[in-house]
Structures are given as structure tokens and as C-alpha cells.
Number of protein chains: 2
Amino acid sequence: MRASERAYAALRDDILEWRLAPGTVLAEVEQSERLGVSRTPLREALGRLTAEGLTAAAGGRGVVVTDISLEDIDELFELRETLEGKAAALAAQRGDAATFAQLQRELLHAPELVRGPHPALHEYYALVGRLDTAIDAAISNSYLAQAMRSLRVHLVRVRRLAADDAARLTAAAGEHAAIAEAIAAGNPKLAEAATIMHLHRSLSHVKATHVPHQKEHHG
Amino acid sequence: MRASERAYAALRDDILEWRLAPGTVLAEVEQSERLGVSRTPLREALGRLTAEGLTAAAGGRGVVVTDISLEDIDELFELRETLEGKAAALAAQRGDAATFAQLQRELLHAPELVRGPHPALHEYYALVGRLDTAIDAAISNSYLAQAMRSLRVHLVRVRRLAADDAARLTAAAGEHAAIAEAIAAGNPKLAEAATIMHLHRSLSHVKATHVPHQKEHHG
DNA sequence: ACTCTCACCAGTGTATACAGAGAGTGAGGA
DNA sequence: TCCTCACTCTCTGTATACACTGGTGAGAGT
């Protein structure tokens, strides 16, 4: 694998998992030594991260990890409602009913994954991810899909701010199932409404359980 | 100005003005010599262009200028309708009425700019650009604004495919004035409807006057 | 004549050296 | 005591040299 790709993936993970706190200055030499690559591929990685909005240029002083404020979360979900609402509606018009009917059935059994002594959270998130992928494929609009992908990067960070307990995941599975059902039924209005409902509840949950992230400067 | 910035601006302009036809392979050494910069800043420029979707990696064989098909235009306007419709609605809710009322008055006089022996097209496009900027500012949602900016880059390319005659520009000015009026009136539904109407007519115009671009390989 | 293989080459990916700019710090004066 | 100016130092921005990969063309074998 290319060195620039490794550096990008490593830094991206570090930021999304909050191992690199917002405000952290990413100096080129420091990071290139830490990741074992030279400055050239590291600069490429930083450029991609900056283009995605995970880092920002700090005026001659390298790049810093961007912050996510409560206003950012509101803005993020406002855009998300617009894009994913439209995407669900388009999927209902253009998607394959059998695919989404199958996803609905699986989602209805998803609560079993998050309950019990050994919650299979990985499988749960993979299932939800398959619904996202199915919608992306169904809309057959690469620009819209691209816009949603770039949005989801930031949402991964936000998700880490909330406490995803079993109760919330169970409820979310039901909401996802409702979206899949509406798409399978070919009902655009209903699919959009189900998506907006889900996003509002998700946002409420994030805001209710959100704990301000302490900035750790462990050096 | 930084060399990477100059290279980026030059290549971006060349692509948007169709001086670099879709499918053109941008070899690093060749372009770095043409633009008078070394390969390092040129690679950064190519990375930014690829992130924006104006170029695409060609599997170890450099990057190529991406193509814009008729399907792309449909997808582009589908996303545009979603984003700009929402933006207009938000601007109607949050924007300053006086600002948009003033823009409406100027837009109503815009036909004078495109008629006559000396059409002031530059002023016309600047005025329309000011409406876009005002909407961007009014929505106070950086993520939505960013999504629209990345979309408009591609629309500049599409605009070059259509023949922007005085008749179309006059009609477009009226449509823009209607959008500004609806925003000034604080009517979100109306602002969204006016935007969707404008975009549909704009798309129809592009499709009606579109001439397939001949690929020139002048070397 | 067709196909397979090997070698060469063009071009990207990476490392490193050098220059220039910006920020921080220290001292001196008001 | 605070403000300002200059110096220094570190870090970014750029150039260039080197390595490696992927592709293409020619030559030989079937």
C-alpha cells in the first residue's frame, strides 16, 4: 500500500476516534516521524484531510484538527436531513423493492444483535451500513452519493460524542426498518418522512447524551 | 503567491474553460514544465482538482480530466435542486429582508445589462453571483454552503456547453428576481418553488442548446 | 502467423536537501 | 510595567534525486 494512503488512513482514524483532539496541531516532521513516512506523502494525506474538513490550515503554522461545536452538529443535521431525505425519496422511486424488503426483515431482527450479554455491535453497524450502501446504489446519482459520503465522515465523529446504549440502538433499528419498508413500498413521501423522523430522533439523542469533550494534551 | 496555488488556479481555469478537454491526460512532468513549477506543488494542485472531481486518477497513469455526460448534467441538477431549494427556503427564514429587496430591485434592471450593442455580461454575472453569496451568508450553515460551492464548480463547466443568449439571460434575471423577492418576503415555500422553477428552466435551456463538445487533441 | 516472454522505458511515488516566511521571545525604551 | 522592535529559530514550501511499478514493444519459439 502507498505510504500516503497509510498516513491518510492513520490520521483519519486518529481524528475520527478522538485520539487526536480538536485544536491539536499536526506538525509535518512530527507526524511523519510518528507514522514512519516522509514529509511528501504526509503532506498529501494532510491535504486530503483538509479538503474533507477534518483539519484546517492554521496560517503558516501547519494544520490543526477542526473542532465540532453544537452549532456544527445542528448545521450537519440540517444538511443531512436535506440530502438523506431526498436520497430516500429517490430510492423509493428507483430502487429495487426486493432488496429493501430484505433489509427491512433483517433490521426488524436487529434488536437481537444489541441485546444480551454479547452485543454484536459490529454486525449491527454493518447492517445499517448496508442500508446506506443500498440507498446510495439505488439513487444512481454519483454527485448526491458523494455529498452524502463526505457528510458521513463528520457524522462518525459526532457519533462518538453520544452514548449509543442498547435502548437507542433498538429504537434506531426500528426507524431504519421503517425507512427500508417505505422504500420497498415505493413511497417517496413516506420514505422521506421516515428519514426525517429518524434524523430528528438521532439528533435529539446526541444532544441529550452529549458530554463536552475534554481536550487532552498528553505529550 | 504559492506555486501550488498558481498551478491549481491555472489548471482549474483550463479545465473550466474547456481548454483542457475531458479525457486529457495530465502528466506531472509535462504540466510542471508548462506551468513553470516543480512536481511537488503540481501534485498538490492535482490532488485538489481530483478531490473536487474535475480530474480523476487513471490507475498509475497520471490523472485525466473527467468527462461530463448528459446523465451527469441531470444528476448535477437533481442535487442542485435539493441543495439550492433548501438554501432558498432557509434564506427566507433567516435572511435580512432589506438585503434581498435591494438585490431584487437590481435584478429587475438586469435586462438592461444584457441588451444593447455593449452587453455588460460581466456585471450581470457579478450581480447573480452576489445573490448566491447573499444566500450563502443568510443560511448560516457552513456545511450546506460548502456543498453548494463544490457543486457550482461543476456548473461552471456545464454553463459553457450552453449558448447564453440575451433572451435566456433576460428570462433568468426575472427568475432570479422572483427568488430574491420570495426571500425578502420571508416566504420559504415560495422561495424554494421559485428556485426549483429557475433550475428547471435553466436545465431545459442547457439541454436544448447543448452541442456535444469535440475533443481537441492539439499537441 | 500468432503468442508468450523479457527487457527497456516512461512516469509516478517517495525521500531528502534547501530556502523563505512567520511566529515567538527577549531586550530596550517610554 | 507595558509596548515595540528586531532577531532567531522552527516549520512550511519547493526543488530535485532516486526507486519502483506498470506498460509496451520487440524478439523468439511454437
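The chains referred to below are lettered A, B, ... by the order of the sequence lines, with proteins before strands, and numbering in each begins at 1. When reading the values below, keep in mind they use all heavy atoms of this one structure, side chains included, and skip hydrogens, waters and symmetry mates.
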task = I would like to know whether A:L144 and B:T82 meet side-chain contact (heavy atoms from CB on, under 4.5 Å); could you show each step before the answer?
result = CA-CA 9 Å; A:L144 177 53; B:T82 306; 5.8 Å; no
request  = Could you name each residue pair satisfying salt bridge (charged side-chain N to carboxylate O under 4.0 Å, His left out) that touches residues 23-32 of chain A, not counting sequence neighbours?
outcome  = A:E28-A:R39, A:E28-A:R43
ask   = Which ones in residues 31-50 of chain B lie close to DNA chain D, meaning a heavy atom under 4.0 Å from one of its atoms?
value = B:V37, B:S38, B:R39, B:T40, B:P41
ask   = Does any residue of residues 2-12 of chain B have a heavy atom under 4.0 Å from DNA chain D, and if so, which ones, in number order?
value = B:R2, B:A3, B:S4
request  = Go through DNA chain D in 5' to 3' direction and return only the first and the last nucleotide with some atom under 4.0 Å of chain A's heavy atoms.
outcome  =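 Range of nucleotides touched by chain A: D:dT12 to D:dT14.
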Pairs of donor and acceptor atoms involving the side chains of residues 155-166 of chain A, under 3.5 Å and at least two apart or interchain, shall be tabulated with distances.
{"from": "A:R157", "atom 1": "NH1", "to": "A:T66", "atom 2": "O", "distance (Å)": "3.4"}
{"from": "A:R157", "atom 1": "NH1", "to": "A:T66", "atom 2": "OG1", "distance (Å)": "3.3"}
{"from": "A:R157", "atom 1": "NH2", "to": "A:T66", "atom 2": "O", "distance (Å)": "2.7"}
{"from": "A:R160", "atom 1": "NH1", "to": "A:E17", "atom 2": "OE1", "distance (Å)": "3.2"}
{"from": "A:R160", "atom 1": "NH2", "to": "A:E17", "atom 2": "OE1", "distance (Å)": "3.1"}
{"from": "A:D164", "atom 1": "OD2", "to": "A:Y125", "atom 2": "OH", "distance (Å)": "3.0"}
{"from": "A:D165", "atom 1": "OD2", "to": "A:A167", "atom 2": "N", "distance (Å)": "3.4"}
{"from": "A:D165", "atom 1": "OD2", "to": "A:R168", "atom 2": "N", "distance (Å)": "3.3"}

query = Side chains of B:S38 and B:S32: do they bring a donor and an acceptor to under 3.5 Å?
reply =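 Side-chain D/A pair, B:S38 to B:S32: absent.
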inquiry  = If we count only N and O atoms by modelled type, under 3.5 Å, do the side chains of B:T133 and B:D136 hold a donor and an acceptor together?
reply    =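 Note: B:T133 and B:D136 side chains miss the donor-acceptor criterion.
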Sub-3.5 Å donor-acceptor pair from the side chain of [X] to the main-chain atoms of [Y], do we have one?
X	Y	result
B:H205	B:R201	no
B:H154	B:E52	yes
A:H198	A:A194	no

query = Should A:R48 and A:E5 count as an ion pair when the cut-off is N to O under 4.0 Å?
reply = yes
Give me the distances for all protein-to-nucleotides 21-23 of chain C N/O pairs that come in under 3.5 Å?
none

ask   = Only one of B:L121, B:V128, B:L113 clears side-chain contact (heavy atoms from CB on, under 4.5 Å) with B:L169; which?
value =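 In the set B:L121, B:V128, B:L113, the residue that makes a side-chain contact (heavy atoms from CB on, under 4.5 Å) with B:L169 is B:L121.
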query = For the side-chain contact (heavy atoms from CB on, under 4.5 Å) test, which of B:D14, B:T24, B:L49 pairs with B:V65?
reply = B:T24
request  = Check step by step if side-chain contact (heavy atoms from CB on, under 4.5 Å) holds for A:N141 and A:M148.
outcome  = CA-CA 11 Å; A:N141 183 326; A:M148 288 195 293; over 6 Å; no
